[in-house]
Amino acid sequence: MNITVLGTGIVGQIIAAKLAGLGHAVTIGTRDVEKTLAKNTKDGMGNPPFSEWYNQNKNKSKIKLAAYADAAPSAELLFNCTSGQASVDAIKALGNTSKGKILIDVANPLDFSKGFPPSLSVVNTDSLGEVIQRTFPDIKVVKTLNTMTCFIMVNPAIVPGDHDVFVSGNDEGAKTKAKEILQSFGWTNSNIIDLGDITTARGTEQLLPIWVRLMKSMNTPMFNFKIVKA
Ligand SMILES: NC(=O)c1ccc[n+]([C@@H]2O[C@H](COP(=O)([O-])OP(=O)(O)OC[C@H]3O[C@@H](n4cnc5c(N)ncnc54)[C@H](OP(=O)(O)O)[C@@H]3O)[C@@H](O)[C@H]2O)c1
């Protein structure tokens, strides 16, 4: 498939590399190609600049980089891997090229303005997934994968045993497609929990306050949630 990944951060890189490895034609969307390639500082988590990763990956995986407006005309599927605070602006910048498409939204509305731990900028009676769905009614939003580090998103076997990924969205066909992508990443059907419509993204986004505290107390992001039924 032709897939456009919005976002040049670590999540965009990891998802893009996985998709390309699975044989998809991947374009990464950014605000300004030249500026993104010129950045030479590490991100807030100490990950190397995008250009370093891109130079290592672009030839072997044929991953393209394009400004948002040029990134999605031929895309069959979109991934939102942008900062939650900026996701609406990023999708807006796609213009009409997003119309009718499935958007797998892995972003979280994290607000770091008061430092760590972050708070949620959309919460309780709303979620970023719903904000995106409301703002772009022509897009089929599927919220998933946002409750774990990106390394586990594309390689669930990093965590031994059974553990789960959640799915929220209004369009059944879009959720079926998203589940196929999840399975191609290594998720088994029994570990994909379909929570229902996009309002259920409130639940998964609101797992983030406990997720960041678990990361701090265990000193690692390499864990996931496992739901155990009686
Ligand atoms: N880190 C994880 O493992 C993890 C796990 C689960 C969910 N998430 C979520 O995944 C998303 C991506 O995380 P990340 O750490 O890779 O990257 P990030 O630093 O949160 O976001 C980087 C991306 O956001 C874009 N962006 C920032 N401001 C923008 C604006 N005003 N308009 C348009 N685009 C803008 C940047 O565009 P440019 O390319 O132009 O700079 C860049 O592509 C976040 O929502 C995060 O909460 C992360």
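Nothing fancy with the numbering, it's 1 onward along the sequence. Keep in mind that this is a model prediction, so the values were computed, not measured. All ligand and atom numbering here is 1-based and tracks the order in the structure.
In terms of protein heavy atoms, atom 19 (O) of ligand 1 is closest to Ser83 CB, 4.8 Å. The shortest contact between atom 12 (C) of ligand 1 and any protein heavy atom is with Cys81 O, 3.2 Å. The protein heavy-atom contact nearest to atom 29 (C) of ligand 1 is Ala86 CB, 3.1 Å. Scanning the protein for heavy atoms near atom 9 (C) of ligand 1, the closest one is Val106 O, 3.5 Å. What sits closest to atom 27 (C) of ligand 1 on the protein, heavy atoms only, is Arg31 NH2, 3.6 Å. The nearest protein atom to atom 17 (O) of ligand 1, hydrogens excluded, is given as Gly9 CA, 3.9 Å; this is a heavy-atom distance. The protein heavy-atom contact nearest to atom 3 (O) of ligand 1 is Cys150 N, 2.9 Å. Of the protein's non-hydrogen atoms, the one nearest atom 16 (O) of ligand 1 is Val11 N, 2.9 Å.
Under the 4.5 Å side-chain heavy-atom criterion for Ile, Leu, Val, Met, Phe, Trp and Tyr, Leu182 and Met1 are members of the same hydrophobic cluster.
When all heavy atoms of Lys179 and Ile192 are compared, the pair lying nearest together is CG-CG2, 3.9 Å. Taking every heavy atom of both residues into account, Thr147 and Asn224 meet most closely at O-OD1, 3.8 Å.
Contacts between Ala107 and ligand 1, counted as non-hydrogen atom pairs separated by less than 4.0 Å, involve both the backbone and the side chain. Of all the heavy atoms of Asn146, the ones lying under 4.0 Å from any atom of ligand 1 belong exclusively to the backbone. Counting heavy atoms closer than 4.0 Å to ligand 1, residue Glu205 contributes nothing at all.
Through direct or indirect side-chain contacts shorter than 4.5 Å among Ile, Leu, Val, Met, Phe, Trp and Tyr, Ile193 is connected to Leu110, Phe112, Phe116, Leu120, Val123, Phe166, Leu195, Leu207, Leu208, Ile210, Trp211, Val212, Leu214, Met215, Met218, Phe223, Phe225, Ile227.
Every atom of ligand 1 with a heavy atom of Gly7 under 4.0 Å away is listed here by number and element: 43 (O). Of all atoms in ligand 1, numbered sequentially from 1 with element shown, those under 4.0 Å from a heavy atom of Lys39 are 41 (O). Of all atoms in ligand 1, numbered sequentially from 1 with element shown, those under 4.0 Å from a heavy atom of Gly84 are 45 (O). Interface of Asn108 with ligand 1, defined as ligand atoms under 4.0 Å from a residue heavy atom, comprises 6 (C), 7 (C), 9 (C), 45 (O), 47 (O).
Considering backbone and side-chain atoms together, Thr30 places an N or O closer than 3.5 Å to an N or O of ligand 1. For Asp89, no nitrogen or oxygen atom sits less than 3.5 Å from a nitrogen or oxygen atom of ligand 1, counting backbone and side chain alike. Considering backbone and side-chain N/O atoms, Ile10 comes within less than 3.5 Å of an N/O atom of ligand 1.
More than 12 heavy-atom neighbours from other residues, nucleotides or ligands sit within 6.0 angstrom of CD on Glu180. Around the NZ atom of Lys177, the shell of radius 6.0 Å holds no more than 12 heavy atoms that belong to other residues, nucleotides or ligands.
In this pair, Phe185 and Phe79 present their aromatic rings parallel. The plane angle is below 30°, not in the 30 to 60° band.
By the salt bridge (charged side-chain N to carboxylate O under 4.0 Å, His left out) test, Lys140 is found to be paired with no residue, residues two or more places apart in sequence or in another chain being considered.
Counting only heavy atoms from C-beta outward, the side chains of Leu65 and Thr8 approach each other to under 4.5 Å. Under the 4.5 Å side-chain criterion, counting only non-hydrogen atoms from C-beta, Leu78 is not in contact with Ile104.
For the 3.5 Å distance criterion, the side chains of Ser87 and Thr82 qualify, holding a donor opposite an acceptor. Using a 3.5 Å distance cut-off with no hydrogens or angles, the side chains of Asn170 and Asp197 do not pair a donor with an acceptor.
Heavy-atom separations between Met148 and ligand 1 include at least one value shorter than 4.0 Å. For Met45, the closest heavy-atom approach to ligand 1 does not fall below 4.0 Å. For the ligand labelled ligand 1, residue Met153 lies inside the 4.0 Å heavy-atom shell. The closest approach between a heavy atom of Tyr68 and any atom of ligand 1 is below 4.0 Å.
The pair Lys143-Asp105 meets the salt-bridge criterion, since a charged nitrogen lies less than 4.0 angstrom from a carboxylate oxygen.
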